[in-house]
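Here is the structure we will look at.
Every value quoted in this text rests on a predicted model; they were computed, and no experiment measured them. Heads up: numbering here begins at 1 and tracks the sequence.
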Amino acid sequence: MNLTLRSLIAAATLTAALAGNAQSVSTADTPMTRAVMQVYDKMIEADPTDYESLLARGQEYYNQDDYVKALADLNQALRYAPDEDKELRFTALSLRAAVLERSNKPEEALADLNAALAIDPESYTNLYQRANVLYALGRYTEAREDYMKLLRRFPRSQEAMFGLARVAVKENNLGLANDYADNAVELASATAESYIRRASVRTLMGNAEGAVDDYIVALSTDDSGNGRALQALVNLARTNYPAVMNGLSRAIRQAPRVGMFYYIRAAIAEAHFNYTAAIADYDKILNDGLYSYAGLNSSLAKCFYALGQYDTALANADYAISATTDNAPYYALKSEILSAQGDYSEALANADRALTKDPDSNDALHAKAMAQIGLGQAEEASVSLAEALINAPDSPSLLMTRAWVCGTLLSQPKVADALFARVIDNASNPDDVNTLMGFALYLTGNTETADQWMEALLQQQPDYDGAIHYYGACYYSMSGDTERALDCAARAMDNGYADYHNWMELTTGYINVAPLRSNPRFLELIDRHSAIFNR
């Protein structure tokens, strides 16, 4: 390998390690990358001990987030690389440390970082990465020492200051944590990234309101951090919905003509099933001329659909379709609304229109399956859902819906069981109700484990929007524990879960509350909570 190529690999490795502290830099699968990989494959096939090509191919695997293959190549590269080739071994150790860190092997990553730093003790990137790994391992004193080394060498290092702020929080020195975070922001107060990082420190401190304010400032500062700030607000709303909504309301009071703040508040309200509030903000944007595009009417259509107001939903979907030619998602949405109205033939036609424009649209494939189920075309629905699963093979909702079609409508219990097994196997985070793991466990006869899963979620997870208790109502409806299901339904509505369509109309699949709809107590709950349903 020539020096230029070696230097490029080294630079790419270190840049990725620094910029991708929380995540790696993924390279798309392009003809160019495939061609490069073929060259490396041939070189390694010709000489399996070609450590330079092994390192280069490991770098490509790393860029593609294929950490298993990257680790295998890097292990071989370090096995065959001579001890005197310090530059290559430093690069390989640095890259393997990044791979190991992202593979949740911090102790092994730390060993490689120590080895790399023994070769080059001045490496900013590796010292920073080692501090982060030590922090992740709970070795805060050692992490602080590394962050302080960075700060002494580079007094304007934001990474070091924010690292020291995080350590100070863990050591319960909140005043010092605030000082470090504020000083870091002052170094680059015109960049969104500064506020996003301070928000993470404030979240760690339990200062959710301050974190929300920082994310909002980030959105107003520059466009570079918009995606991350928005995602962070959405994530924070899952655990502290009131803090996020209060912060957005403060921002709106201070800047009442900024449509973006209304849109973000509406989108988060919609995501947390508060459709009435979302509609008010979407209408505000349109009526005051703050912004206008077809997606706003699509959002309104989704909200009215969830509230069971199908005619108004349909009118908004039609407007969205007419406002742009890039309207495949809007045809898919219209199809879902039409199915809810019982017009399955027209629903199928609209799903097909969406697929003509976007053949890979999972929304359209799901809408098509719902229309086909309504028309009694179960086999065709199974095919549509199978096509959607090609695009999203790990989707719990698609897997469960197809399992229902196969197990209930087509009498294919073995296919259904295989789909349930995939749901269970894919549940890497069982604390997330959206994995649907407990439903799959129950339907495969593992009732005790399923009960434990559901009860743990109900007792241990925050439920600001009522979604977990809605799933509890579905679960206990399915298992036949009507009183427990009704208790969960009451809690879900008290917490604001306002999806009237799900409460009163949804019948397809295993996950619904259809068995409760003839129960007087359930109907009384719906009537008592009419305000959240805009009725």
Side-chain angles (χ1 to χ4, degrees), residues 1-25 40 43-44 47-63 66-137 139 141-160 163-164:
M1 181 185 297
N2 61 46
L3 181 59
T4 301
L5 181 55
R6 178 179 293 185
S7 299
L8 285 173
I9 291 175
T13 302
L14 299 182
T15 301
L18 178 58
N21 178 38
Q23 59 187 27
S24 64
V25 178
Y40 293 143
M43 294 173 71
I44 294 167
D47 180 6
T49 68
D50 181 356
Y51 54 87
E52 294 181 337
S53 295
L54 285 162
L55 171 59
R57 192 173 69 176
Q59 171 72 69
E60 286 298 327
Y61 282 134
Y62 172 84
N63 291 342
D66 192 338
Y67 300 135
V68 173
K69 290 181 180 178
L71 185 58
D73 275 356
L74 293 169
N75 286 341
Q76 291 297 92
L78 285 163
R79 176 185 177 187
Y80 296 120
D83 290 341
E84 59 269 19
D85 194 340
K86 300 296 186 183
E87 179 188 358
L88 185 138
R89 293 191 69 82
F90 173 81
T91 301
L93 286 165
S94 300
L95 180 56
R96 191 170 69 175
V99 171
L100 289 166
E101 185 180 359
R102 287 160 181 76
S103 302
N104 295 315
K105 298 178 179 179
E107 293 283 4
E108 295 177 49
L110 180 61
D112 275 356
L113 288 166
N114 286 335
L117 284 164
I119 297 171
D120 180 7
E122 301 300 313
S123 169
Y124 181 99
T125 301
N126 283 341
L127 189 57
Y128 177 53
Q129 290 296 96
R130 186 173 71 177
N132 290 340
V133 170
L134 288 166
Y135 175 87
L137 289 168
R139 293 162 62 172
T141 300
E142 295 168 84
R144 179 170 13 89
E145 290 173 358
D146 275 353
Y147 288 130
M148 286 300 300
K149 286 179 186 176
L150 283 177
L151 195 60
R152 284 193 293 269
R153 293 181 194 169
F154 306 93
R156 296 182 62 81
S157 168
Q158 277 195 314
E159 289 82 8
L164 287 166

Does any donor atom in the side chain of Y128 or S157 lie under 3.5 Å from an acceptor atom in the other side chain? no
Locate the shortest heavy-atom distance separating A143 from A131; write the atom from each residue and the value. CB-O, 3.5 Å
Quick one: list whatever passes salt bridge (charged side-chain N to carboxylate O under 4.0 Å, His left out) with R130, sequence neighbours left out. D146
Mind checking ring pair (Phe, Tyr, Trp, His ring centres under 6.0 Å) for Y61 and listing every partner two or more places apart, or none if nothing turns up? none
Mind checking what makes side chain to side chain donor-acceptor pair (under 3.5 Å) contact with T49, not counting sequence neighbours? D47
Heavy-atom pair with the smallest gap, counting every atom of Y147 and N132: OH-OD1, 2.5 Å
Scanning both residues in full, the closest heavy-atom pair of A97 with A109 reads O-CB, 3.5 Å
By salt bridge (charged side-chain N to carboxylate O under 4.0 Å, His left out) - contacts of E142 (at least two apart): R139
Partners passing ring pair (Phe, Tyr, Trp, His ring centres under 6.0 Å) against Y80 (at least two apart in sequence or in another chain): none
Quick one: side chain to side chain donor-acceptor pair (under 3.5 Å) partners of R89, sequence neighbours excluded? none
Calculate, to the nearest 0.5 Å, the distance between atoms CZ and CG belonging to R144 and L151 respectively. 13.0 Å
Quick one: which residue pairs count as a salt bridge (charged side-chain N to carboxylate O under 4.0 Å, His left out) with a foot in residues 108-121, not counting sequence neighbours? R96-D112
Sequence neighbours excluded, the answer for side chain to side chain contact (heavy atoms under 4.5 Å, CB included) partners of P121 is none
Using the rule side-chain hydrogen bond (donor to acceptor under 3.5 Å, both in side chains), only one of Q129, E159, K149 pairs with Y124; which is it? E159
Please verify the inter-ring angle class for Y62 with Y67; under 30° counts as parallel, over 60° as perpendicular, anything in between as tilted. tilted
Starting at CD1 of I119, measure out to CG of N114 and round the result to the nearest 0.5 Å. 11.5 Å
Minimal non-hydrogen separation, L150 against A160, with atom names: CB-CB, 3.8 Å
From L78 CG over to D73 CG, what is the distance, rounded to the nearest 0.5 angstrom? 11.0 Å
With sequence neighbours left out, write down each residue that passes side chain to side chain contact (heavy atoms under 4.5 Å, CB included) with R79, or none if nothing qualifies. Q76
Nearest heavy-atom pair of S123 and L117: which atoms, and what distance? O-CD2, 4.0 Å
The side chain to side chain donor-acceptor pair (under 3.5 Å) partners of Q158 (sequence neighbours excluded) come to S194
Applying salt bridge (charged side-chain N to carboxylate O under 4.0 Å, His left out), can you list everything that pairs with E122, at least two apart in sequence or on another chain? R153
Search all heavy atoms of E107 against all heavy atoms of L137 and return the closest pair with its distance. OE2-CD2, 3.9 Å
Output for pair (L55 CG, Y51 OH), nearest 0.5 Å, gives 10.5 Å
